[in-house]
Protein chains: 2
Amino acid sequence: MATMKDVAKEAGVAVGTVSKVINNIPVKPETKVLVEEAIKKLKYEPNVYARGLKINKTNTVAVILPTIWHPFFSELAYNIEKCLREVGMKMILCNSEKNQQSEIEYISMAKQNKMDGIIAITYSNIDEYVSEKIPFVSIDRYFSKDITYISSDNFQGGKLAAEKLIEAGCKNIAYIGRGSKIDNATRKRKEGFISYCTENNINYSICELLGSANEFEILLDEFIEENFKEKIKIDGVFAVTDRHALDFIKRLENINVNVPKDVQVIGFDGSRSFSQDEFKISTIRQPVELMAKKSVEALINIIEDKPLEKKVILPINFIKGYTTK
Amino acid sequence: MATMKDVAKEAGVAVGTVSKVINNIPVKPETKVLVEEAIKKLKYEPNVYARGLKINKTNTVAVILPTIWHPFFSELAYNIEKCLREVGMKMILCNSEKNQQSEIEYISMAKQNKMDGIIAITYSNIDEYVSEKIPFVSIDRYFSKDITYISSDNFQGGKLAAEKLIEAGCKNIAYIGRGSKIDNATRKRKEGFISYCTENNINYSICELLGSANEFEILLDEFIEENFKEKIKIDGVFAVTDRHALDFIKRLENINVNVPKDVQVIGFDGSRSFSQDEFKISTIRQPVELMAKKSVEALINIIEDKPLEKKVILPINFIKGYTTK
DNA sequence: TTGTAAGCGTTATCAT
DNA sequence: ATGATAACGCTTACAA
């Protein structure tokens, strides 16, 4: 593989001059032509590692998320990669599996590899590792006022879900979802839901648990037994994610409760398995593409040390599917 | 950020010694302790770019696929990342969108960035860019006898689909799918299907088109009009992918044909949207995890210049879903 | 076993 | 405008 030195010799100039041509620093036009011809002739390509060593930039961003094997994250990652590529950056994919140790390892890897920044979706306590030492953008999760974070408007989403259920004729509505000590995104969905209900004097129930998936299942079974088995006491449900919604709907089907005739259901996320997929259940859709775009923009602003908003909340919207009337 | 020199000074040894400790080259135990303490104290982390410059390895692999925003590819990418990580490598995600130009750019990027190798799923003609100059593993697509490729047993899958339809009581079966000049994987599925039918003297129809998605839709409409509208002439269908199967089933529903009562359907892929998702339609499942594993293994063998099989065909299996009896 | 120093391919500073 | 050269942080051959 030809090096800059070879090109310089071939063109009859000094390496510094070649470097200037490569980096678009003005040189005499004739010289430029000479150099460019030599580059073409020798099929020269700059060595990014030598360059990285000098300028300490790699045009590489680590994207940490629980797992790419999930429609929401794969859609997000797809869009993030697209945005990064547009600005000439590369994306390292990191599946943390929500494992704190993994997340920490990935962060350390990113620092070690002199990556230019990190975009992360994480639900564990990694506050102390997220230093100012590497540009960091958090999606969905608030760390501290110093860490930029991008999120969709979960509170408004919860409100909207309640509103849409009521609009669709529901009289007794409920929120269901497994909570988390750390994930404020889902908490805000619940708060939005409650907020709408209190403001409008609407009766509501909450089926929530901050615990393991198994414990939540048990709670959910009880909740269904209580409210849907003998007599249908609740006719509208807002599930904290589409997956919870889907799971809930299946349980209703099992006891022959019809959706949306007997019970209407709204989920949250609105992610599809692939770009031409259709929306199926009624849901509050997160603006995934915009989230990706804003995350990348924010990261670049941090890298370039430009002023930026530390907190970006993006608008959600309602998508009607078959689970509401 | 501390450098090796700082560590050397702190530990009272030479840089060469520190390097040895880092690279697990034997040194006197006491010295090792000394160095390790200095490393910890200074929070030293090696600069991968300086190292890359020297040894010309980056522990980075480019994974090129059409789009991560698709269950099959996201499951595959998830597993590839996992395998790569286990051997200390990083994965650069490349969404080609099946665009040849993109693929070429990514390949060139991989070479330029001195990545250690490429794992790619591509359906375009990039043969000439896939040189021996960078370790390359192709999934699902055969290039030449020099390029290693990993694939599931598509032929056997087609056979198995036909067999299962017959086993389930179908009398008149058909293959449907959009073909491609380049993608031999799907072609083999068809061939397997046909092979089973001819061997067993079974009547079969083929609804296939090597053209645009739109053209295929038109053909499919005609096919349905002809075979399912007035009278149901075909009672078993093997669709070349799960997506084709799903689409086909929806069309049948539209004309009130019941699956699996009137018509049974088997798809291909068996990918799920996320790890705990369930299989829904009957399908020929590709061994995604194994494909990922074998791809990474093969790539590493190429990198390390070890002997390897240039062609790895992996076993498929049938998964029964609601679309067959 | 350990220290010394050359060199990897760039960029950037200084002279010219 | 261009050429010469030091420096980036590391590995490795060689010397001690």
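All chains are named by letter (A, B, ...) in the order of the sequence lines, taking the proteins before the strands, and each is independently numbered beginning at 1. Atom set for the values below is all heavy atoms of this structure, side chains included, hydrogens, waters and symmetry mates excluded.
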Once you round it to whole Å, what is the distance between [atom2] of [N] and [atom1] of [X]?
X: A:K54; N: C:dG9; atom1: NZ; atom2: P; result: 15 Å
X: A:N56; N: D:dC8; atom1: CG; atom2: P; result: 11 Å
X: A:I55; N: D:dA7; atom1: CD1; atom2: P; result: 19 Å
X: B:L53; N: D:dA7; atom1: CG; atom2: C1'; result: 12 Å
X: A:I22; N: C:dT11; atom1: CD1; atom2: P; result: 7 Å
X: A:K9; N: D:dT2; atom1: NZ; atom2: C1'; result: 19 Å
X: A:L34; N: D:dA1; atom1: CG; atom2: P; result: 16 Å
X: A:K20; N: D:dA4; atom1: NZ; atom2: C1'; result: 11 Å

Salt bridge (charged side-chain N to carboxylate O under 4.0 Å, His left out) between B:K111 and A:E45, intermediate numbers included: CA-CA 9 Å; B:K111 288 180 184 167; A:E45 297 196 338; over 6 Å; no
Any side-chain donor near an acceptor of the partner, A:R51 and A:N56, under 3.5 Å: no
Any side-chain donor near an acceptor of the partner, B:Y78 and A:E97, under 3.5 Å: yes
If you compare every side-chain N and O of [X] against the phosphate oxygens of [N] (OP1, OP2), does one of them come in below 4.0 Å?
X: A:S19; N: C:dT11; result: yes
X: A:R51; N: C:dT11; result: yes
X: A:T17; N: D:dG3; result: yes
X: B:T3; N: D:dC8; result: no
X: B:N23; N: D:dT11; result: yes
X: B:Y44; N: D:dC10; result: yes

Touch class at under 4.0 angstrom, heavy-atom based, for B:P46 against every strand present: sugar-phosphate
Parallel, tilted or perpendicular, as decided by the 30° and 60° cut-offs, for the rings of A:H70 and A:F72: perpendicular
Side chain of A:T31 (C-beta onward), nearest among D:dC10, D:dT2, C:dG9: D:dT2
Closest to the A:V15 side chain, choosing from C:dT2, D:dT5, D:dA4: D:dT5
Residue whose nearest DNA chain C nucleotide is more 5′ - B:G16 or B:A50: B:G16
Test salt bridge (charged side-chain N to carboxylate O under 4.0 Å, His left out) applied to A:K90 and A:E81, step by step: CA-CA 7 Å; A:K90 297 172 293 291; A:E81 197 270 340; over 6 Å; no
